[in-house]
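Letters A, B, ... are given to chains in the order of the sequence lines, protein chains preceding strands, and every chain is numbered from 1.
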There are 2 protein chains.
Amino acid sequence: MAYRKTPAEIRRLEAARERLVACATEVVAEVGWAQASVSAVADAAGIAAGSVYQHFPSKAALAVEVFRLAAGREVEVLGEVLHAPGEPVERLSRAVEVFARRALENRGLAYALLAAPAEPAVGAERLEFRRRYRSLFAEAVQEGMASGRLPRQNGEITAAALSGAIGEVLVDPLGAPESSAVEELVAELTAMTLRCVGAPHN
Amino acid sequence: MAYRKTPAEIRRLEAARERLVACATEVVAEVGWAQASVSAVADAAGIAAGSVYQHFPSKAALAVEVFRLAAGREVEVLGEVLHAPGEPVERLSRAVEVFARRALENRGLAYALLAAPAEPAVGAERLEFRRRYRSLFAEAVQEGMASGRLPRQNGEITAAALSGAIGEVLVDPLGAPESSAVEELVAELTAMTLRCVGAPHN
DNA sequence: GGAAGCTATGAATGATGGTTCACTTCTTTC
DNA sequence: GAAAGAAGTGAACCATCATTCATAGCTTCC
């Protein structure tokens, strides 16, 4: 025996991997999936193209990790807001607001997560995360119906509509980076959300 | 002078071109943009790969034409329904119903038009057509507001939300081809639409 | 110091798929 | 029927990247 990974070495490797993922995320946010070639990402991380394969078996695997991490953060935030105490309708409204603000804060990434053309593996992941968004929304809508504050409806469909609606509304401003109107956008989006779920017009 | 295209020949060429577009549309509807290679499309049309370039300068140009024709039909239908006489809200509801039924009727194509990953040129075209859907919806929402039947709102945003919502709701059933529940889906979708624009709960 | 075993490199490799082009086939005109 | 010119062919070409691999450089441990 003449070599064993020392803890420090292991940490170094993990850090390198994390750094790679972080840089890849930035590249994707800036230029989109299509332009984020292995060498572009490697360059951004300051390593050789071949070294990417020390950490990931394929480009697709790296892309999926990038997506999972970034999208996972959003799901988590959304979940926290939606599971906070309070009225379901109020929580929904807050969730949409938070989601929108975060997306507008980091437009490039939001676009990559929501809509940008991507390789099939990422596309599949996107479907999965949409399902999660939808479940979270659906839960809140169910609660609202259960407590009689929302009219009878198919919660799953409303939830799907809601996530589609939010995505579409955000994606367009996402393209054109002028947004002094963030506040108005957020206000309209939450208002639309409330109408969409059938909350009583204040 | 020893050769001039005879009218019949011109017609033959146009027909060949149309046939190519039609076959390409079918291929795209069946296997998606990514799998619709030039040779696959040429095979489907019964011509050689090289012959595609007699009619189009590039694959992208053909893809754009396929998209434009198919999406154009939908915009036209939507426009007709939305511009028909009657209450704006009623027209909106009818439009969503017609749109949904047509999409569910031809799922593959609808998915290709709405959501399937595509090359950048097609993506740009998709944005353009979304804008058109949105304008059509926005018009109806404006009218509804003008006649006092819909609450004050930003019609453009509502319209964007509406098209995003409809797309999202349709795309999932579009993936899984089991739909005995078309009727329920359509009913829920129109109900959601009415809530979304703020139509008075019947 | 040096052997063993790992990580890092980046040029070479390979697969994919759009595009070209020398050639064949068909149409027109005389 | 033959010349002129267009359309049609499909194998070869080429560009783009993801991936590999022989090599170099480090770390560990005795």
Side-chain angles (χ1 to χ4, degrees), chain A residues 1-21 23-24 27-28 31-67 116-123, chain B residues 1-21 23-24 27-28 31-67 116-123:
Chain A
M1 175 208 31
Y3 185 94
R4 283 199 51 163
K5 276 181 198 165
T6 200
E9 190 66 359
I10 290 175
R11 252 178 282 124
R12 192 184 62 78
L13 284 173
E14 275 172 8
R17 188 190 144 106
E18 275 169 34
R19 178 178 160 65
L20 173 55
V21 172
C23 291
V27 172
V28 166
V31 302
W33 301 100
Q35 307 285 332
S37 65
V38 170
S39 43
V41 166
D43 282 358
I47 63 178
S51 302
V52 168
Y53 292 84
Q54 302 277 345
H55 302 287
F56 294 93
S58 70
K59 180 193 166 152
L62 168 57
V64 165
E65 176 114 349
V66 165
F67 189 95
E119 58 215 294
V122 170
Chain B
M1 178 215 13
Y3 185 93
R4 281 197 56 162
K5 277 182 198 164
T6 199
E9 189 67 358
I10 291 174
R11 252 178 281 124
R12 194 183 62 78
L13 283 173
E14 275 172 9
R17 188 191 144 107
E18 275 169 33
R19 178 178 161 65
L20 173 56
V21 173
C23 290
V27 171
V28 167
V31 302
W33 301 100
Q35 307 285 331
S37 65
V38 169
S39 42
V41 167
D43 281 0
I47 63 177
S51 301
V52 168
Y53 293 83
Q54 301 276 344
H55 302 287
F56 295 93
S58 69
K59 181 193 166 151
L62 168 57
V64 165
E65 174 112 353
V66 164
F67 189 97
E119 57 215 293
V122 170

Discussion item. Between the base of dA8(C) and the side chain of Q54(A), is one N or O donor paired with an acceptor at under 3.5 angstrom?
Written reply: yes
Fill in: Separation of atom CD in E9(A) from atom P in dG5(C), rounded to whole Å
16 Å
If you look only at distance, which donor and acceptor atoms sit under 3.5 Å apart when one is on a side chain in residues 52-59 of chain B and the other is two or more places apart or in another chain?
unit_1: S58(B); atom_1: OG; unit_2: A60(B); atom_2: N; d: 3.4
unit_1: S58(B); atom_1: OG; unit_2: A61(B); atom_2: N; d: 3.1
unit_1: K59(B); atom_1: NZ; unit_2: A36(B); atom_2: O; d: 3.0

Fill in: side chain to side chain contact (heavy atoms under 4.5 Å, CB included) involving A118(A) - partner list, sequence neighbours excluded
W33(A), V122(A), R126(A)
Worksheet item: Which whole-number value in Å describes the distance from I10(B) CD1 to dA7(D) P?
Response: 10 Å
Worksheet entry | Euclidean distance, atom CD1 of residue I47(B) to atom P of dT25(C) [Å, nearest integer] | 18 Å
Practice prompt. Could you tell me the separation between the CZ atom of F56(B) and the C1' atom of dG8(D), rounded to a whole number of Å?
Written response: 16 Å
Fill in: Protein-nucleotide distance (W33(A), atom CH2; dC17(D), atom C1'), rounded to Å
17 Å
Worksheet item: Distance from L20(B) atom CG to L62(B) atom CG, nearest 0.5 Å?
Response: 5.0 Å
Discussion item. For R17(A), give me all partners under salt bridge (Lys or Arg N to Asp or Glu O under 4.0 Å), at least two apart in sequence or on another chain.
Written reply: E65(A)
Fill in: Whole angstrom value for the distance that separates P of dG8(D) from CZ of R19(B)
13 Å
Worksheet, complete the sentence: Which of dT28(D), dT28(C), dA8(C) is nearest the side chain of T6(A)? It is dT28(D)
Fill in: For atom CZ of R12(A) and atom C1' of dT7(C), their distance in whole Å
7 Å
Practice prompt. Kindly write out the residues that satisfy salt bridge (Lys or Arg N to Asp or Glu O under 4.0 Å) with E9(B), not counting sequence neighbours, or none if the list is empty.
Written response: R12(B)
Fill in: Sugar-phosphate or base contact per nucleotide [nucleotides 12-20 of chain C; S, B, -; heavy atom under 4.0 Å]
------SBB
Practice prompt. Measure from CG on D43(A) to P on dC17(D) and round the result to the nearest Å.
Written response: 13 Å
Discussion item. Restricting to non-hydrogen atoms, name the atom on A44(B) and the atom on V27(B) that form the minimum distance, rounded to 0.1 Å.
Written reply: CB-CG2, 3.5 Å
